[in-house]
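Read the structure below first, then the notes.
Side chains are part of it too, since the values below use all heavy atoms of this structure and drop only hydrogens, waters and symmetry mates. Ligands are counted one by one from 1 in listed order, and the atoms in each one are counted from 1 as well.
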Amino acid sequence: MASDDLSHDRKQEQLDAYRVDPAGTRLTTDQGVLVDHTDDYLTVGERGPTLLEDFHAREKITRFDHERIPERVVHARGAGAYGFFQAYDTSLAEFTCARFLTDPALRTPVFVRFSTVAGSRGSADTVRDVRGFATKFYTEQGNYDLVANNMPVFFIQDGIKFPDFVHAVKPEPHNEIPQAQSAHDTFWDFVSLQPESLHMVMWLMSDRALPRSYRMMQGFGVHTFRLVNADGRGTFVKFHWKPALGTHSLLWEECQQLAGADPDFNRRDLWEAIESGQYPEWELGVQLVPESDEFAFDFDLLDATKIIPEEQVPVRPVGRLVLDRNPQNFFAETEQVAFHTANIVPGIDFTNDPLLQARNFSYLDTQLIRLGGPNFAQIPVNRPVTPVTNNNRDGYHQTQIPAGRTAYTKNSLGGGCPAIAGDFPEVFKHYQEKVEGHKIRRRAASFQDFYSQATLFWNSMSEVEREHIVDAFRFELGKCADTGVRERVVERLNAVDHGLARLVAQGIGVTPPEQEVTPNHGRSSPALSQLLAPTDSIATRKVAALVADGVDAVGLGRVADALRERGAVVELIGPVDGAVADADGGQVPVDRGINTVASGFFDAVLVPCGPDVVRALSGDGRVARFVNEAFRHGKAIAAFGGGVDVLGAAGLRGVRVAATDETSVVAEHGVVTTAAAAGDLGDDFGAAFASEIALHRAWDRPKLP
Ligand code: HDD
């Protein structure tokens, strides 16, 4: 086996030892006793009282009673996968001795868990929320956890406020309403009284809070961390994950529809992509700041509510992350995985960011209650691939049998083992920092600018992104019953941007502010807009082909092939599940019935030709709604032959479509049409449709009334 494969497989090999396969086995009790009957309790006579001595029934029910563990206090809902990380080259060795970042021959195994933050374990995926992006690297130097989010800043500057923040955003304590939403009074009350949250709130109100897929979102380590090289020299670092498929979002209306139609939308998407071999991929990048530049910025590097604009410090590519294996058991792996910001390896260290320091306490602490004791690092998914040898002992759920009579350092009776690693090259050395000061409870003056970067974010948005932000504020604040809270938020927004504050105020019945309090500084960071970096790929994009009896299978096949060749997933949606007849009377199997899907499941819609099809589709209210929604949501829509008529029947207006005799391809605002059908349908039709899908959405499309 090549050495570069070794590390990757090492974690899986370790996990294999714990995997239990029921194939070919017989039912037993937990004690290994064979069981021949598990449907009836042991009773006295067929209709008589049950017996306490039925150890099998008692064990079965007891085990069931104890199945649940506390859900994560935040980030309770998630989905995870295994994969690997591989550095591109050795260039980071100048800055860090972390081998997984500097040795391109190493494929470091990883487990990644994506999550929402506010909702309970059973809440919907497509809520407006931050997404977690936590990666456990099983490195050759021990486990490293990069516990990141899909937004580069945080709500608060100091971790001591975390319980307050979380209490404010979680369901209100008196009635436990609302679930998985920030659209309620206590959250906005908190925001209005903690202006440091405003920058993050701008991100939360933006499309970033509605990712199309976990596979299409960025990740950020948020804090300024430190890289440390072999000589002990430190360099400040911010970590970035960039998705290979581009960063894309859903629309709020779709999110609300999907929360009902498929609450597992993001989970399922990740699972299915990996099952089908379309492995999600990200690039790790770093922003490096020499220690000598610690004070070169107009914000504090230790302030987690600030970004370093990429235009100021470019993101330097380091390596790639690929997720290629789904877990086998959700509870054992995804639920029991335990991340901790303090899990670091030689070459990486902390800074004095007070948010990070609080996290370094909180994550270990939370696992103790969540996983029931101090031995959670022995749970298979959490085990490092490096040996663990120390004198930590006992506690709940100890699964190892430490041999020998000595459990202390120093010892002579145990041969002095485990021995202190001393100057062993792999040993972790804390970064040496000289610190002095008074013991005080006070925020630094350099943390006091709460608005400039919120303004920077607003200035960097495209027009459509701004529209979405205003709509989001109007929705969220519209759900706030307390007018005082609404007014205070508008007041805060006025310090971000006067125009924004006025637009929001007008939508929520608050008198728009007359005066601009702080003039907008006018600076922007183009890298913050999702729309400025479109991809040209349609890989993994989902296209719904709406079919009915009489479909032009030849034309449909041509377009579907063109899309599939480019990596898209085409699903045939019929009036019901099963099959439809093609124009020649043959059978075309459908993938799903329209009653089981929603337009939000797909990135694009194709309406094929066939006279009966057009009649059937035009007369089907579900089809009309499907196409109409896809149009309103800016999705690419294609129709050929008579299928073009279905678009009119669905109420599409304001976009020119091909006339009945126009066999060339007409593409306007993401609507691609032609009168050509069957054998006359050229390759240019599929190609034009693919180009529109790659744009993600046609944002300039006229709005329907
Ligand atoms: Fe946190 C979970 C990310 C601030 C305390 N956090 C958690 C997870 C992610 C983050 C991705 C889910 C991990 C998983 O999938 O199991 N948290 C962040 C980021 C933050 C942040 C990017 C700011 C930069 N967190 C933060 C603070 C505190 C916590 C300030 C406490 C002082 N976070 C926790 C926690 C959780 C957690 C309570 C809940 C479950 C867990 O840790 O394992 O300890």
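Ordered by chain and residue number, the residues placing a heavy atom less than 4.0 Å from ligand 1 are R72, V73, V74, H75, R113, G132, F133, V147, A148, N149, F154, G159, F162, V222, H223, F339, L355, A358, R359, S362, Y363, T366, Q367.
Considering F100, F84, F111 in turn, F100 is the only one that fulfils the ring-ring contact (aromatic ring centres under 6.0 Å, His included) rule with F137. The residue from F220, F239, Y214, W282 that alone fulfils the ring-ring contact (aromatic ring centres under 6.0 Å, His included) condition with F133 is W282. Of the listed residues (W458, W252, W188), just one forms a ring-ring contact (aromatic ring centres under 6.0 Å, His included) with F473, and that residue is W188.
With sequence neighbours excluded, the residues forming a side-chain hydrogen bond (donor to acceptor under 3.5 Å, both in side chains) with E196 are K161, R443, listed by chain and number. Every ring-ring contact (aromatic ring centres under 6.0 Å, His included) that F299 has, sequence neighbours left out, goes to F297.
For residues 308-317, every residue pair satisfying the side-chain hydrogen bond (donor to acceptor under 3.5 Å, both in side chains) rule, not counting sequence neighbours, is listed here: E311-S525.
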